[in-house]
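The structure displayed is predicted, hence computed values, not measured ones. Throughout, protein chains are lettered first and strands after them, A, B, ... in sequence-line order, and every chain is numbered starting at 1.
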Amino acid sequence: MSHHEPIHDEWDVDDIEWDWSEEGVHEDELALEPHDLNAEDEPIAQTSPHAPQKTIENGEIATSEDTTQSQEDSMKSRLLINPNKAGTQYIPKHIVAKIVYEASQGSPFFLAEQRRDALVTARIQSLQSRVQAIQTMDLRLERGIVESVLRTVEKEWETSERRWIVCVDMDAFFASVEELDRPELKNKPMAVGGMSMLSTANYEARKYGVRSAMPGYIAKKLCPNLILVRSNFDKYTAVSKKIREVFAMYDPQFSPMSLDEAYLDITDYLSAHPEHTPESVVSELRAEIFRRTMLTASAGIAANKMLAKVCADINKPNGQKFLPVDRESIMEFVRTLPIRKVPGVGKVNERILKSLGIETCGHLSWSRINPRLNRMLNFFSWFVMFASNESCRDSERKSIGVERTFAPMQKSSEMYEKLSELSEYLATDLKKHDTKGRTLTLKLKTTEFRLFTRAKTLMRFMCTAEEIFHCAQQLLALEITANPGLRLRLMGLSMSKLSSRSMDEDGIAKFLKRPSPSTPFPNPQTLTCPVCCKEFPDISERDMAEHVGRCLEDPHIPDGSGEIKGDGMKRPSKRKKETKRDKPSSNLVEWMQKRSSSPLLDQPVCPVCATPFTDPSDLASVNRHVDACLLGEKQ
DNA sequence: GCGGATCAC
DNA sequence: TATGGTGATCCGC
């Protein structure tokens, strides 16, 4: 058994298919044009002849094709891990989808994906019925408030400090490293990985629809001449070390995300080198990487991490994209940006949003005029994220785990054997990280690809293999008895609720530890919620936006207990624990009147001009006033 | 605190 | 021969 380094694999899932040999491809490939998604070669999911029109005009919600989309089409797009644009590959996308679909059909993996897909479909249908229900409501007042809050956020942004953030991403990293040693592979379709799974494909292979995270044997169906190269992590790590030396030249505090990707804050470098522009610095950086490694990198330069990340994808490979920091440039950029490009929007959320007719981030601004839908999906914080200077601070590790896939296993004796092995691995890793933990999570995947976890939290910390196994074995025993005939293909153990093992860092000492060294980005500040007027010291803009969104939307939570739950979107950012407020009423004005404790709401005021309402109970007059204000009329 | 689901890399 | 491993977050309970 080979030792297992806690290496973060590179799977290049975000690499965009790109044909760099052809002129004129770029514009089509930027995926920033509003009609891009409706180009001749549509995504598989939308080829259904029954697909209804989607509109998003005037705040009207048009639920989309999901109800009519066939299950097969849905599965085809689901199986296409990383769909490409037409024209950049020899094999048209719908053919690729068909081949992948047929190669997968009937397999246990396929059936499991079908079950998951059906759950998403149900989620979407329930969401759509909720969306229908809010169509007829009068939302003018809420719109006014949302507008006002957004103005506040924008003002914060205008006055905040500007930073230049760069996201650097190596092109087809693993494959390119392999090509250094075997240059004859350069012009041949090649992928790193094995028959069961690929981690990276070179650009030649991508033309055939070969993708990272695709099983090798399916890739071979797409491209029979595909050359498979086993991965050599030591090589990638060594190259990674070289590129990080370059990063450190421009930002000693850079944040590596993986072997081939990192964020840099070059603001200080630019101050120290006034003769440079952000673009020239990044050109130089990429040239230096190439000089040292003979590998190309792509980069994005923008006002924050999120925008930089999106930009890094645009002129890939071997290119860079500069997004000016002024408000207009950013708004224009974001307006036509497909939602799938937003970090955090994956396959499922893309499908959910598209089912509501939301395909670009510009459509997200629709949440400005429909706070109720916003509450369901919480677009609000996403919207604000584009204007956020904040970036994820490198946080302390919260869990550490191991998992292994193996040949189907049915005998419980073998399972305990495997569990013991995993316990050893985990103990080794815990020791390596000088940590211990109180919560142990057992993860199991059946041969039918059903995935489940069982956890146990102890009063004391675990760190040795014996302690881990003792706890894990109880969890496993419960499942074995509860599921006779259990057949497994994967087992995993993960430890959380961690604490340092060395004495000097134990207990209260770890709270006194200085913040993590690489925090090159602007830090939280004191902000005031424009809705509840509470002050939040040391809060990030994103968390603030999150709070304001909740604060704003709470009064709209319907009282009915029959509300369908569970079909909201995953939130883009973590939510701070908030203090419990009054049970909100479904009527905003009533709620305002009830909440006399809030300074802002002592007397209900116009959310736009802040003039107190003479008679807040006169809803019609309130709405007239707000409408007039929004139109800019002087009261 | 637990478990399922989603996502990034 | 037959779809990965590590870590994180969010939601609903």
Side-chain angles (χ1 to χ4, degrees), chain A residues 4-15 79 81-82 100 103-104 106-113 116 119-120 123 169-170 173-174 193-200 211-221 231 233 256-262 309 340 342-352 378 381 392 394-408 422 425-426 429 438-445 447 449-458 475 489-498 546 564-575:
Chain A
H4 57 296
E5 288 293 316
I7 294 171
H8 289 212
D9 295 357
E10 297 313 306
W11 292 91
D12 281 358
V13 272
D14 287 323
D15 284 359
L79 291 170
I81 309 292
N82 212 353
V100 173
S104 305
S107 71
F109 175 82
F110 180 92
L111 296 174
E113 285 296 297
R116 289 172 191 139
L119 289 180
V120 173
R123 256 175 87 181
D169 194 75
M170 301 297 291
F173 185 50
F174 291 0
M195 282 305 261
S196 51
M197 187 58 62
L198 304 181
S199 52
T200 313
R211 293 285 168 280
S212 51
M214 177 183 277
Y217 77 96
I218 288 181
K220 281 275 196 181
K221 285 198 198 306
S231 56
F233 280 92
M257 300 300 290
S258 60
L259 286 181
D260 82 317
E261 187 183 334
K309 169 69 184 161
R340 183 61 169 86
V342 178
V345 178
K347 273 246 149 280
V348 173
N349 285 340
E350 178 189 33
R351 201 181 139 198
I352 290 173
N378 206 2
S381 52
C392 327
D394 302 343
S395 52
E396 298 202 359
R397 173 192 297 272
K398 295 192 175 58
S399 74
I400 177 164
V402 291
E403 65 187 66
R404 289 291 179 275
T405 295
F406 39 76
L422 290 169
Y425 291 157
L426 182 55
D429 285 356
R438 288 177 50 219
T439 298
L440 186 67
T441 303
L442 172 68
K443 176 170 163 184
L444 302 173
K445 188 171 2 176
T447 51
F449 286 84
R450 193 171 77 89
L451 200 61
F452 55 105
T453 60
R454 294 293 178 262
K456 193 177 169 80
T457 302
L458 304 185
L475 292 169
R489 82 183 321 274
L490 172 142
M491 196 181 285
L493 281 177
S494 167
M495 191 71 82
S496 48
K497 299 224 178 314
L498 302 179
E546 183 84 21
I564 306 157
K565 294 175 187 165
D567 52 359
M569 303 260 304
K570 193 174 125 116
R571 311 255 163 178
S573 64
K574 74 158 174 275
R575 178 154 44 109

#### Entry: From B:dC9, C:dT6, C:dT3, nucleotide with atom closest to A:R489 side chain
C:dT3
### Query
Nearest of C:dT3, C:dA8, B:dC7 to any side-chain atom of A:K347?
B:dC7
### Message
Assuming nearest nucleotide by heavy-atom distance, tell me which of A:I218 and A:E403 is located more 5' along DNA chain C.
### Response
A:I218
### Task
Could you check whether A:K221 gets within reach of a base, just the sugar-phosphate, or nothing at all, counting any heavy atom under 4.0 Å?
nothing
### Message
Please confirm whether the shortest side-chain N or O distance from A:S494 to OP1 or OP2 of C:dG7 is below 4.0 Å.
### Response
no
### Query
A:K443 NZ to B:dG4 C1': how many Å, rounded?
12 Å
### Message
Classify A:L119 by what it touches in the nucleic acid, base, sugar-phosphate, or nothing, heavy-atom distance under 4.0 Å.
### Response
sugar-phosphate
### Query
Between C:dT3, C:dG7, B:dC2, which nucleotide gets closest to the side-chain atoms of A:S104?
C:dT3
### Message
Should the side chain of A:T405 and the base of C:dT3 be counted as holding a donor-acceptor pair, with the cut-off at 3.5 Å?
### Response
no
### Heavy-atom closest contact (A:M491 atom, A:L442 atom, distance)
CG-CD1, 4.1 Å
### OP1 or OP2 of B:dG4 under 4.0 Å from side-chain N/O of A:R116
no
### Message
For A:R450, give me all partners under side chain to side chain donor-acceptor pair (under 3.5 Å), at least two apart in sequence or on another chain.
### Response
none
### Task
Send over the distance from A:E396 CD to C:dT6 P, rounded to a whole Å.
21 Å
## Note on the structure
From the candidates C:dG7, C:dT3, B:dG3, the one with an atom nearest any side-chain atom of A:F109 is C:dT3
### Query
Nearest to the side chain of A:T453 - B:dC9, B:dG3, B:dG1?
B:dG3
### Query
A:R123 side chain: which of B:dG1, B:dT6, C:dT3 is closest?
B:dT6
### Task
For A:F452, report the nucleic acid contact type (base, sugar-phosphate, nothing); a contact means any heavy atom under 4.0 Å.
sugar-phosphate
### Query
Above 12 or not: heavy atoms from other molecules or residues under 6.0 Å from NZ of A:K221?
no
### Query
If only side-chain N and O atoms of A:S399 are considered, is one of them under 4.0 Å from the OP1 or OP2 phosphate oxygen of C:dA8?
yes
### Query
Is the shortest side-chain N/O distance from A:R340 to OP1 or OP2 of B:dC7 below 4.0 Å?
no
### Query
Pick the nucleotide of DNA chain C nearest each of A:G401 and A:K445; which residue has the one closer to the 5' end?
A:K445
### Distance, rounded to the nearest Å, where A:M495 contributes CE and C:dG7 contributes C1'
15 Å
### Query
Between CE of A:M214 and CG of A:L198, what distance do you get to the nearest 0.5 Å?
7.5 Å
### Query
How close or far is atom P of C:dT9 from atom CG of A:N349, stated in whole angstroms?
17 Å
### Message
List the residues meeting side chain to side chain donor-acceptor pair (under 3.5 Å) with A:T439, not counting sequence neighbours, and say none if there are none.
### Response
A:T457
### Task
Find the distance A:L111:CG to C:dT3:P and express it as a whole number of Å.
12 Å
### Task
May I ask you to verify if any side-chain N or O of A:K398 is less than 4.0 angstrom from the OP1 or OP2 atom of C:dT6?
no
### Task
Assign A:V100 to base, sugar-phosphate, or nothing according to its heavy-atom contacts below 4.0 angstrom with the strands shown.
nothing
### Task
State the CG-CZ distance between A:L444 and A:R489, to the nearest 0.5 angstrom.
13.0 Å
### Query
Is A:T441 near enough to B:dC2 that one of its side-chain N or O atoms lies under 4.0 angstrom from OP1 or OP2?
no
### Message
Tell me the interatomic distance from A:L490, atom CG, to C:dT3, atom C1', rounded to whole angstroms.
### Response
12 Å
### Query
For the pair made of CG in A:L458 and C1' in B:dC2, what is the distance, rounded to whole Å?
14 Å
### Task
Classify the nucleic acid contact of A:R450 as base, sugar-phosphate or nothing, counting any heavy atom under 4.0 Å across all strands shown.
nothing
### Nucleotide of C:dT3, C:dT6, B:dC9 approaching A:K309 most closely (side-chain heavy atoms)
B:dC9
### Message
A quick test of your reading: do over 12 heavy atoms of other residues, nucleotides or ligands sit less than 6.0 Å from NZ of A:K456?
### Response
no
## Note on the structure
Closest to the side chain of A:K497, out of B:dG1, B:dC9, C:dT3, is B:dG1
### Query
Roughly how many Å is it from CE in A:M195 to P in C:dA2, rounded to a whole number?
10 Å
